Amino acid sequence: MADSVELPSRLGILPFRNKVLLPGAIIRIRCMTPSSVKLVEQELWQREEKGLIGILPVRDAAESTVVGSVLYPSNGAVAESGDRSLKNQSGTSDSQKLDGKNQQGVIHWHNRGVAARALHLSRGVEKPSGRVTYTVVLEGLCRFSVQELSARGTFYTARISPLDMTKAEMEHVEQDPDFIALARQFKASAMELISVLEQKQKTGGRTKVLLEAVPIHKLADIFVASFEISFEEQLFMLDSVDLKVRLSKATELVDRHLESIRVAEKITQKVEGQLSKSQREFLLRQQMRAIKEELGDNDDDEDDMAALERKMQSAGMPSNIWKHAQKELRRLKKMQPQQPGYNSSHVYLELLADLPWQKVSEEHELNLRAAKERLDHDHYGLVKVKQRIIEYLAVRKLKPDARGPVLCFVGPPGVGKTSLASSIAAALGRKFIRISLGGVKDEADIRGHRRTYIGSMPGRLIDGLKRVGVCNPVMLLDEIDKTGSDVRGDPAAALLEVLDPEQNRAFNDHYLNVPFDLSKVVFVATANRVQPIPPPLLDRMEVIELPGYTPEEKLKIAMQHLMPRVLDQHGLSSELLQVPEAIVKLVIHRYSREAGVRNLERNLAALARAAAVKVAEQDHAVSLCKDMHQLSSPILEGRLAEGAEVEMEVIPMGVNNHELSNVLRLTYPLVVDEAMLENVLGPPRFDDGEAAERVATPGVAVGLVWTAYGGEVQFVEATAMLGKGDLRLTGQLGDVIKESAEIALTWVRARATFLKLAVDGKINLMEGRDIHIHFPAGAVPKDGPSAGVTLVTSLVSLFSQRKVRADTAMTGEMTLRGLVLPVGGVKDKILAAHRFGIKRVILPERNLKDLIEVPSAVLANLEIIFAKRMEDVLEQAFEGGCPSRQQSKL
């Protein structure tokens with residue numbers, strides 16, 4: 001051979017899956033498996049420049065066609081069969097795993113390979129695993145044939161024999177006329193390919209030097225190695241030891257590659273020609289328009305059409321949508337304005353032109369410190385919620401195109417859900433748009449109406465994007481739990497596509513009828529309750545619960561946020577009206593015990609209106625007294641002579657005009673006191689002594705419930721009367737709470753002897769009497785299992801004729817065996833108890849983990865008692881302990 005390489009009798013084998021390394025080709029690989037790392041370390045790293053390895057192609061058993069011979073590594077024999085394929089099903093070494101794949105799979109080993117040397121070798125260590133890896137740049141040298149394949153440790157070695165021709169054989173072949181003709185044809189094709197590539201890439205003629213400097217048999221391998229060809233053709237080139245066969249195949253591949261380049265150039269020229277045609281038509285239309293303007297034959301309709309077309313061209317539509325819009329525009333140009341459908345088509349095209357296909361908000365660099373300060377300025381408390389928003393913004397800062405979650409703020413009214421979404425938009429520097437979904441029952445409100453209907457219009461999402469003018473706003477889907485469904489469809493089902501980042505890249509509005517990319521929109525949803533939201537829709541959102549505010553938080557919010565806003569809205573200032581903190585506390589405790597702060601703001605606004613009336617009246621009175629000195633006495637005398645009535649003010653002697661003004665003017669600022677508070681807001685709506693009054697008689701217990709408006713205190717009343725042993729339930733109750741009442745009565749009857757409610761179990765508690773259980777506030781629907789312990793306590797109080805502690809409230813579900821099970825909404829319920837003035841709260845023992853969400857200031861003012869069984873609840877609900885223990889002492 002021309003540049004002979006001395007090959008050892010045995011080589012370490014590195015398998016290449018479905019790939020061939022040809023002589024003269026260079027490839028970069030990364031060795032990560034133990035077998036390949038061991039091979040490179042022993043055969044290349046330790047031997048440095050003298051190291052050689054063998055690259056042997058392997059094929060999966062799934063490949064249908066096998067070209068060339070294959071090997072049995074177990075016995076080392078080279079198999080030459082009819083279809084030249086055998087299967088290796090033995091061995092579990094890393095070489096057969098081939099980078100960890102197909103550990104037990106059937107692998108075909110080719111019996112011919114290429115010896116390779118390392119041009120570059122680097123060693124690395126992965127962290128934190130500490131695994132050693134090698135990055136190797138290999139150069140193919142010469143072909144060899146495998147005589148025997150055997151395993152050495154974790155990798156394979158092979159006994160080989162060289163296949164390339166000797167120098168004498170090469171000189172003999174080069175004199176062959178057929179070889180000379182093939183070489184001339186190959187060089188001509190290669191020269192043409194190089195010329196085309198250099199012209200296309202505008203490079204120099206350095207590649208042509210290879211045709212003269214490199215031997216022809218090496219050129220064939222080098223050229224073919226740079227082409228994208230199939231594995232079968234690569235194996236054919238590897239097996240082509242005969243130079244004439246190799247040159248013939250290489251010439252065929254070069255010609256095929258050259259033809260593909262020519263076809264691509266032809267397509268490119270055709271596309272460029274079409275663009276030139278469009279530009280020529282545009283120039284002609286501009287010239288025609290100028291001629292009409294000179295002749296005075298300009299048509300307003302054509303001006304509108306041209307303006308619409310220019311507007312569409314500047315809209316930045318994607319290519320497929322632009323083609324659709326052009327088709328609609330051509331159809332519109334052929335129509336007369338009087339034709340049916342002209343206006344609808346014109347409005348449709350205007351919508352396409354107005355939509356922000358590519359226009360985005362100019363986002364400033366996210367400053368997390370400034371965003372945190374903005375959230376603290378706009379919202380008091382809500383530490384965990386604000387922390388989650390900061391985390392969301394931090395991810396946006398590190399990866400602006402990240403597919404963030406859809407945040408869903410769930411909480412009672414008036415806790416700041418909508419304003420939080422607005423703060424997110426301000427922190428991101430994006431425009432904000434709110435879409436109300438409350439009461440939406442038509443799927444067309446989301447997807448739009450089809451254009452075949454009269455009065456059709458796009459959905460609320462597309463219409464909102466048109467109004468906001470950018471394709472990446474922060475879009476608030478308000479009241480997402482208030483959607484309904486009827487014969488017109490289910491809006492919640494349509495929202496599944498909107499809130500799915502995998503689908504909303506091509507949101508299809510029925511009116512628009514072309515896909516619109518919603519992936520750049522930051523969606524934020526709000527809801528009062530989670531239960532009405534369908535599970536598939538809820539799965540697409542990250543729920544963040546906003547509980548109600550504590551009285552202390554309400555006080556801070558009122559003084560820092562509500563009072564300045566109320567004064568500004570009513571034209572007042574702190575110099576004219578002052579509401580002390582003590583008065584605000586009274587407003588909170590006596591007039592607004594809701595979870596949010598809206599009712600608190602209304603009460604403060606009522607005080608501001610009352611103050612505004614006094615200020616306005618006083619300003620009018622002062623202006624009259626200032627003008628009184630300008631009236632002349634002759635006019636007064638004339639009016640009196642005519643018998644007219646004149647309003648007069650009795651003024652003490654010696655009081656001048658300046659002193660008169662000070663007498664009539666009120667003393668500012670006007671400070672609200674308790675008397676003015678009751679005069680404006682009326683008698684207190686809530687009383688701290690209500691619980692003591694309600695539980696003054698046996699049979700009444702205090703429970704805690706959760707509603708869409710936050711936690712609430714719920715009284716449960718029970719009474720007995722003569723009857724037939726029936727149980728009656730009132731208060732607009734659901735099925736679950738009715739079952740809880742039956743379970744409670746059954747448990748009390750079963751434990752009557754233990755509770756000392758019956759003597760030796762001989763007396764039936766229900767004999768000769770009926771039990772009536774009532775939940776006050778009968779206009780409000782009630783349901784759920786958390787009233788179980790309250791019902792039992794009420795019944796035990798009734799039968800034992802002992803009063804329940806007025807400072808204790810409870811919640812928890814109970815079983816028929818008396819176990820107290822955990823319930824939800826613990827944080828809201830504890831906040832409700834705190835607002836109501838309750839001092840002790842009984843909770844299920846398994847709800848201990850939920851206390852981490854309750855503010856520490858609230859827990860400091862409450863005694864939390866945990867119960868595992870119903871007996872524990874009764875022990876804490878009554879003064880002196882459980883009725884059984886008390887009566888046993890007596």
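Since the structure is predicted, the reported quantities are computational estimates derived from the model, not experimental observations.
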Rounded to the nearest 0.5 Å, what separates atom [atom1] in [X] from atom [atom2] in [Y]?
| X | Y | atom1 | atom2 | answer |
| --- | --- | --- | --- | --- |
| His377 | Ser423 | NE2 | OG | 10.5 Å |
| Arg540 | Phe523 | CZ | CZ | 13.0 Å |
| Met541 | Leu495 | CE | CG | 8.5 Å |
| Leu368 | Arg374 | CG | CZ | 15.0 Å |
| Asp783 | Lys738 | CG | NZ | 9.0 Å |
| Leu518 | Asn472 | CG | CG | 12.0 Å |

Kindly give the heavy-atom pair with the smallest separation between [X] and [Y], and that separation in Å.
| X | Y | value |
| --- | --- | --- |
| Ser419 | Gly416 | OG-O, 3.1 Å |
| Ala371 | Ala427 | CB-CB, 3.8 Å |
| Ile864 | Leu851 | CG2-CD1, 4.0 Å |
| Pro405 | Tyr392 | O-CE1, 3.8 Å |
| Val823 | Ser786 | CG1-CB, 3.6 Å |
| Gly788 | Ala744 | O-CB, 4.3 Å |

Atom [atom1] of residue position [X] - does it have more than 12 heavy atoms of other residues, nucleotides or ligands inside 6.0 Å?
| X | atom1 | answer |
| --- | --- | --- |
| Lys556 | NZ | no |
| Glu328 | CD | yes |
| Asn320 | CG | yes |
| Lys327 | NZ | no |
| Leu398 | CG | yes |
| Lys323 | NZ | no |

Given 3.5 Å as the limit, does a donor-acceptor pair link the side chain of [X] with the main chain of [Y], or not?
| X | Y | answer |
| --- | --- | --- |
| Lys520 | Val360 | no |
| Asp509 | Gly459 | yes |
| Ser592 | Val587 | yes |
| Ser344 | Gly341 | yes |
| Trp322 | Gly316 | no |
| Tyr549 | Val415 | yes |
| Arg835 | Gly711 | yes |
| Asn528 | Gly411 | yes |

Less than 4.5 Å apart, any side-chain heavy atom of [X] and any of [Y]?
| X | Y | answer |
| --- | --- | --- |
| Glu552 | His834 | yes |
| Val385 | Phe409 | yes |
| Leu428 | Leu393 | yes |
| Asp500 | Leu496 | no |
| Leu332 | Leu308 | yes |
| Pro458 | Leu512 | no |
| Lys554 | Glu594 | yes |
| Pro822 | Glu845 | no |

Excluding sequence neighbours, so at least two apart, what forms ring pair (Phe, Tyr, Trp, His ring centres under 6.0 Å) with Phe507? none
Do the charged groups of [X] and [Y] touch, with an N to O distance under 4.0 Å?
| X | Y | result |
| --- | --- | --- |
| Glu126 | Arg30 | yes |
| Lys827 | Asp850 | no |
| Glu542 | Arg388 | yes |
| Glu601 | Arg598 | no |
| Glu712 | Lys829 | no |
| Asp481 | Arg529 | no |

Sequence-distant partners of Arg505, salt bridge (charged side-chain N to carboxylate O under 4.0 Å, His left out), two or more places apart: none
Only residue of Val524, Leu465, Val498 satisfying side chain to side chain contact (heavy atoms under 4.5 Å, CB included) with Met475 is Leu465
Could you walk me through whether Thr526 and Leu477 pass the side-chain contact (heavy atoms from CB on, under 4.5 Å) test, one step at a time? CA-CA 6 Å; Thr526 65; Leu477 303 177; over 6 Å; no
Take Val820 and Lys868, measure what side-chain contact (heavy atoms from CB on, under 4.5 Å) needs, and give me the verdict at the end. CA-CA 5 Å; Val820 180; Lys868 188 175 182 180; over 6 Å; no
Run the side-chain donor-acceptor check on residues 431-450: report pairs under 3.5 Å with partners two or more places apart or on a different chain.
residue: Lys431; atom: NZ; partner: Val468; partner atom: O; Å: 3.3
residue: Arg434; atom: NE; partner: Asp478; partner atom: OD2; Å: 2.8
residue: Arg434; atom: NH2; partner: Asp478; partner atom: OD2; Å: 3.0
residue: Asp442; atom: OD1; partner: Ala444; partner atom: N; Å: 3.1
residue: Glu443; atom: OE2; partner: Arg447; partner atom: NE; Å: 3.1
residue: Arg447; atom: NH1; partner: Glu497; partner atom: OE1; Å: 2.8
residue: Arg447; atom: NH2; partner: Glu497; partner atom: OE1; Å: 3.0
residue: His449; atom: ND1; partner: Met457; partner atom: O; Å: 3.4

Lys372 vs Arg369, test: side-chain contact (heavy atoms from CB on, under 4.5 Å). Steps then yes/no. CA-CA 5 Å; Lys372 189 174 186 302; Arg369 185 182 299 274; 5.8 Å; no
In terms of relative ring orientation, are His324 and Tyr348 parallel, tilted or perpendicular, with 30° and 60° separating the classes?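 Rings of His324 and Tyr348: perpendicular, over 60°.
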Go through the steps for Ser740 and Leu791 under the test side-chain contact (heavy atoms from CB on, under 4.5 Å), then give the verdict. CA-CA 8 Å; Ser740 297; Leu791 286 164; 4.0 Å; yes
